[in-house]
Amino acid sequence: ERIKSGTVLPITPPPTFPSSSHPLWPEIEHVVQQQVEWARLGLGDSGSGWQLFAEDGEMRMYRREEEVDGMVVDPLKAVHIVKGITGHEVCHYFFSPQYRYDWETTLEQMTVLETISEDTCLFLQTHKRIWPASQRDVIFWSHIRHLPNNQDRDGPDIWTVVNHSTEHKDHPANSGKCVRIFLTVCMLCQTRVIPPKDGTPITRDDISCKITYCSVVNPGGWAPASVLRALYKREYPKFLKRFTAYVINQTKDKQIMF
Ligand code: 18C
């Protein structure tokens, strides 16, 4: 664990391109702080309450079984360590709309409803339908942020992307063929560098990225718990493996983006 106990956590700095006059800004600030704190907690000391449901190499996925009004809203926490990529690269490909169709396999259509600033966008996405359930859509803001480490020399810098559901007057929920889902997602990344002992330049062999991915999705309308949990079990590992392989592939011949 690279975050030492007793270390003062860096205060979340203001975004690179402040958009503090936007009506969503107070919510974005609050949710980002909260999600970063939640992701940094990991599984807690004993991991109590978290149930391992998928494992593959360095990747581990945990869930807590939770229902609201009979609907499965299981919180998910996944941890993964991926060699050869940085947290900045992972977050860049996760946030940027131009790559989304490349890696998001459940996506049918993505629209950027608004670019709030260089680090914050508003998305409308429709996802593939699972017969016989209704098709789902979602509107969420997405925010990318660098949390530099100013306090602890050996501590990691952090890059994060937080996605959180919101509303849009031109696209009211459940007004067409889709049922609106609600989500909060946080991708938090810490880069580890072990510089070569002989003083030669750092290459991709010397870096790895610890990823913590947290997600809570409310399906918006009733669906059988067993079907939803089976869907999570299949789709989340598929997503994280495919997405990280995509980032490795995209960056392998590029300069390292720290
Ligand atoms: O975080 C991820 N992606 C981001 C960028 O897109 C963002 C968006 C997440 C939307 C996730 C919602 C997906 C709904 C999928 C519907 C089902 C499609 C299945 C198609 C099978 C061919 O944060 C990565 C997200 C990884 C997604 C994992 C799957 C989560 C399942 C959520 C289920 C929602 C209810 C669906 C109701 C179906 C009823 C049987």
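Numbering of ligands and ligand atoms starts at 1, following listing order. Keep in mind the model is a prediction, meaning the values are calculated, not measured.
- In this structure, Ser142 contributes its side chain and Asn163 its backbone to no donor-acceptor pair below 3.5 Å.
- For atom 16 (C) of ligand 1, the choice among His127, Lys238, Arg129, Arg100 with the nearest heavy atom turns out to be His127.
- In this structure, the protein non-hydrogen atom closest to atom 34 (C) of ligand 1 is Val217 CG1, 4.0 Å.
- Of all the atoms in ligand 1, the ones that sit under 4.0 Å from a non-hydrogen atom of Arg234 are 21 (C).
- The shortest contact between atom 40 (C) of ligand 1 and any protein heavy atom is with Val227 CG1, 3.8 Å.
- Checked against the 6.0 Å centroid threshold, Tyr213 and Phe239 count as a close aromatic pair.
- With ligand atoms numbered from 1 in the order given, ligand 1 contributes 35 (C) to contacts under 4.0 Å with heavy atoms of Pro219.
- By the 6.0 Å and 45° rule, Arg63 does not stack over the aromatic ring of Tyr236.
- Set against the non-hydrogen atoms of Leu231, the atoms of ligand 1 under 4.0 Å away are 33 (C).
- With hydrogens and angles left out, the side-chain atoms of Asp137 and Thr126 include no donor and acceptor closer than 3.5 Å.
- From the protein, the heavy atom lying nearest to atom 27 (C) of ligand 1 is Tyr236 CE2, 4.2 Å.
- Residue-ligand proximity, Phe239 to ligand 1, at heavy-atom distances under 4.0 Å covers atoms 24 (C), 26 (C).
- For atom 29 (C) of ligand 1, the nearest non-hydrogen atom of the protein is Glu235 CB, 3.5 Å.
- The shortest separation from a heavy atom of Phe94 to ligand 1 is under 4.0 Å, placing the residue in contact.
- Residues Gln125 and Glu104 bring no donor and acceptor atom of their side chains to less than 3.5 Å of each other.
- In this structure, atom 5 (C) of ligand 1 lies nearest to the protein heavy atom Glu104 OE2, 3.2 Å.
- The ligand atoms of ligand 1 that sit less than 4.0 angstrom from a heavy atom of Tyr213 are 1 (O), 2 (C), 24 (C), 25 (C).
- Contact annotation: the side chain of Tyr232 never approaches that of Leu76 to less than 4.5 Å [non-hydrogen atoms, C-beta and beyond].
- Neither the backbone nor the side chain of Met187 has a heavy atom within less than 4.0 Å of ligand 1.
- Of the protein's non-hydrogen atoms, the one nearest atom 12 (C) of ligand 1 is Ile181 CD1, 3.4 Å.
- Atoms of ligand 1 lying under 4.0 Å from any heavy atom of Tyr232, numbered from 1 in the order shown and given with element: 31 (C), 32 (C), 33 (C).
- For atom 22 (C) of ligand 1, the nearest non-hydrogen atom from the set Met71, Lys128, Gln135, Lys233 belongs to Lys128.
- Ring geometry for Trp141 versus His164: interplanar angle of 30 to 60°, hence tilted.
- Using modelled atom types, no side-chain atom of Ser96 and backbone atom of Tyr99 make a donor-acceptor pair closer than 3.5 Å.
- The side-chain tip of Arg64 points at the ring of Trp50 from less than 6.0 angstrom away and within 45° of straight on.
- Atom 38 (C) of ligand 1 has its closest protein heavy atom at Ile130 CD1, 4.0 Å.
- Residue Trp103 approaches ligand 1 through these ligand atoms, each under 4.0 Å from one of its heavy atoms: 3 (N), 5 (C).
- Less than 6.0 angstrom separates the ring centroid of His143 from the ring centroid of Trp25.
- At a cut-off of 3.5 Å, with distance as the only test, a side-chain donor of Asp102 or Tyr246 sits close to an acceptor on the other residue.
- The shortest N or O to N or O distance between Asn163 and ligand 1 is under 3.5 Å.
- In this structure, His146 and Trp159 have parallel ring planes: the angle between them is below the 30° cut-off, well short of the 60° mark.
- Between the OG1 atom in Thr184 and the CH2 atom in Trp38 there is a gap of 12.0 Å [rounded to 0.5 Å].
- Checked by distance only, ligand 1 and Arg136 stay at 3.5 Å or farther apart across all their nitrogen or oxygen atoms.
- Close approach to Leu183 involves these atoms of ligand 1, each under 4.0 Å from a residue heavy atom: 8 (C), 9 (C), 10 (C).
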